[in-house]
There are 2 protein chains.
Amino acid sequence: MAPGDTVEKILHAASVLFAERGFAETSLRTITGMADVNLAAVNYHFGSKKELIQAVFSRVLQPFCKHLNSELDAVLEKSGEQGVSIEQIIECCSSALLKSTEDSGMSVQRVTRLLGLAYTQSQEHLRQYIVGAYGETYERFAGMVQKAAPGLSMVEFYWRLYFMLGAAVFTLSSFDSLRAILNSDYGHDTELEQVMQLMTPSLASILNVAKE
Amino acid sequence: MAPGDTVEKILHAASVLFAERGFAETSLRTITGMADVNLAAVNYHFGSKKELIQAVFSRVLQPFCKHLNSELDAVLEKSGEQGVSIEQIIECCSSALLKSTEDSGMSVQRVTRLLGLAYTQSQEHLRQYIVGAYGETYERFAGMVQKAAPGLSMVEFYWRLYFMLGAAVFTLSSFDSLRAILNSDYGHDTELEQVMQLMTPSLASILNVAKE
DNA sequence: TGTACATCAGTGAACGCGCGTTCACTGATGTAC
DNA sequence: TGTACATCAGTGAACGCGCGTTCACTGATGTAC
């Protein structure tokens with residue numbers, strides 16, 4: 001077996017299981033069982049369960065941030081004077097998300113579920129790690145969104161940004177179950193790409209709607 | 001000590017701790033320690049940890065649904081022919097949420113965190129219990145929202161409703177940490193009621209924005 | 001080319017610990033006769 | 001009024017179990033001389 005293969009198998013199984021059940025509900029025995037590697041291999045390669053969690057996030061966030069940055073570069077270059085619209089920024093996020101899932105072989109649902117977990121499961125070590133490693137890209141993104149919505153106060157902008165993030169993360173991370181409900185109740189199937197397209201104008205309107 | 005007091009102390013401690021850390025991360029020993037009751041009292045009064053989780057949700061959802069129903073009644077009666085607007089429905093939810101937290105002595109953040117957990121922590125027994133006990137109120141709410149946004153296809157309505165729920169649940173349940181970040185980065189404090197007011201037009205715009 | 005040693009990925013079994021749950025028990029209160 | 005019994009809230013200690021982690025060990029590969 002090629003070296004590094006064990007590491008990759010552990011990371012894959014951990015991503016799948018963490019996204020499905022959360023961190024505390026997923027034991028190392030379940031992970032190593034699914035990955036078909038020895039239990040002790042996790043601590044051998046990663047040191048601890050905490051560090052495994054961080055490694056899983058690295059594998060997801062690094063390609064995403066890379067793609068997001070180059071998408072933002074492209075859009076900045078293309079639209080010179082008239083500035084970048086919020087719709088364009090959202091589409092940067094969408095395609096960065098899709099491209100990064102191609103890279104890692106993970107689904108969009110899984111990636112956004114992991115992102116949601118980072119918010120909702122209060123793992124302080126994880127929050128610190130993510131802010132430290134990927135805070136810069138986030139700041140850049142937030143700055144561009146703010147430029148696209150002039151005239152909003154700091155407070156109003158900030159909260160509207162979180163409304164947008166909440167809508168996106170919540171919907172995408174629960175996509176499978178929401179799709180299943182819609183399918184069984186109304187017999188209508190929806191593709192992920194379709195929902196991401198539906199989402200763009202809705203997210204944009206959150207930011208652009210007139211002030212209260 | 002008055003009878004029923006132990007039950008109430010357990011429910012209170014469990015609500016606080018579940019909302020803070022999730023279900024798996026909260027042990028019965030932590031709960032009974034905080035509530036200052038005997039460890040075995042949980043299984044004596046509730047039967048199991050699962051049933052305790054359900055009881056916590058009952059204590060939260062029952063008053064919320066009660067208030068939401070009467071708010072919806074009031075608004076239906078008031079606005080006869082011209083129909084009920086989406087803003088009115090959102091405000092029904094807001095005040096039902098505020099009133100129900102007064103009842104139970106729990107914060108809005110805690111209630112929405114619990115609601116978010118019900119979605120994100122895949123506790124199948126809990127999802128079934130909630131749908132069985134409170135699905136009717138949800139159907140009524142969803143039906144009224146749909147009437148307030150005529151012209152949308154089933155698919156488009158359905159997904160926009162989830163964008164709205166996501167934005168609301170995500171923001172309110174993370175309110176404390178978002179508020180803290182805004183405070184430390186820009187020195188500006190925001191009250192919960194203020195955010196709920198900011199949220200109304202943004203949520204309404206998700207539903208009302210023109211079709212793609 | 002041969003030998004001795006170092007490095008490294010991986011293993012199997014065990015460690016102590018905290019978990020949810022169980023059970024025999026206590027002591028107070030209510031009820032029947 | 002007195003006594004026997006039933007009910008009920010609560011308790012203390014222990015149960016077995018699955019958890020993350022540790023450790024001595026193996027066997028393959030690389031390196032120095």
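Each chain gets a letter, A, B and so on, in the order the sequences are listed, and its residues count up from 1.
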Check every atom of D:dT22, C:dT21, D:dT21 against the side chain of A:A40 and return the nucleotide holding the closest atom.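 Side chain of A:A40 sits closest to D:dT22.
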With a 4.0 Å limit, can you tell me whether [X] has a side-chain N or O closer than that to the phosphate oxygens OP1/OP2 of [N]?
| X | N | result |
| --- | --- | --- |
| A:H45 | C:dG10 | yes |
| B:N38 | D:dG12 | yes |
| B:T6 | D:dA9 | no |
| A:S27 | D:dC19 | yes |

For DNA chain D, what is the dot-bracket line, given that a base pair needs Watson-Crick (N1 to N3, plus N6-O4 or O6-N4) or G-U wobble (N1-O2 and O6-N3) geometry with both distances under 3.5 Å, and | means paired with another strand? .||||||||||||||||||||||||||||||||
So what does B:T26 touch, heavy atoms closer than 4.0 Å: a base, only the sugar-phosphate, or nothing?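 Sugar-phosphate contact only - B:T26 comes under 4.0 Å of backbone atoms but never of a base.
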What I want to check is whether an N or O donor and acceptor connect the side chain of A:R29 with the base of D:dG18 at under 3.5 Å.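 Not at all, since no donor on one side and acceptor on the other fall under 3.5 Å apart.
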Run B:T30 and B:S27 through side chain to side chain donor-acceptor pair (under 3.5 Å) and show every step you take. CA-CA 5 Å; B:T30 311; B:S27 73; 2.8 Å; yes
If I take atom [atom1] in residue [X] and atom [atom2] in nucleotide [N], what distance separates them, rounded to the nearest angstrom?
| X | N | atom1 | atom2 | value |
| --- | --- | --- | --- | --- |
| B:L28 | D:dT11 | CG | P | 15 Å |
| A:K9 | C:dT11 | NZ | P | 9 Å |
| B:L39 | C:dC19 | CG | P | 10 Å |
| A:R21 | D:dG18 | CZ | C1' | 14 Å |
| A:F46 | C:dC8 | CZ | C1' | 16 Å |
| B:N43 | D:dA9 | CG | P | 15 Å |
| B:E51 | C:dG20 | CD | P | 15 Å |
| B:I31 | C:dT21 | CD1 | C1' | 14 Å |

Does the gap between the ring centers of A:F170 and B:F170 come in under 6.0 Å?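 Distance test on ring centres: not under 6.0 Å, no.
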Is the distance between the ring centroids of B:Y138 and B:Y134 under 6.0 Å?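 Centroid distance B:Y134-B:Y138: not below 6.0 Å, so no.
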Backbone N or O of B:T26 within a donor-acceptor pair of the B:R21 side chain at under 3.5 Å?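 No.
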Distance-only, no hydrogens or angles: does the A:T171 side chain make a donor-acceptor pair with backbone N or O of A:A168 under 3.5 Å?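 No.
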Working to the nearest 0.5 Å, report the span between CD of A:Q54 and NZ of A:K49.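 If I round to the nearest 0.5 Å, the distance is 13.5 Å.
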Spatial distance of atom CG (B:N43) from atom CZ (B:F46) [nearest 0.5 Å]: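 Between atom CG of B:N43 and atom CZ of B:F46 there are 10.5 Å.
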Comparing A:F23 and B:Y44 on DNA chain D - which has the more 5′ nearest nucleotide: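 Whichever sits nearer the 5' end wins; that is B:Y44.
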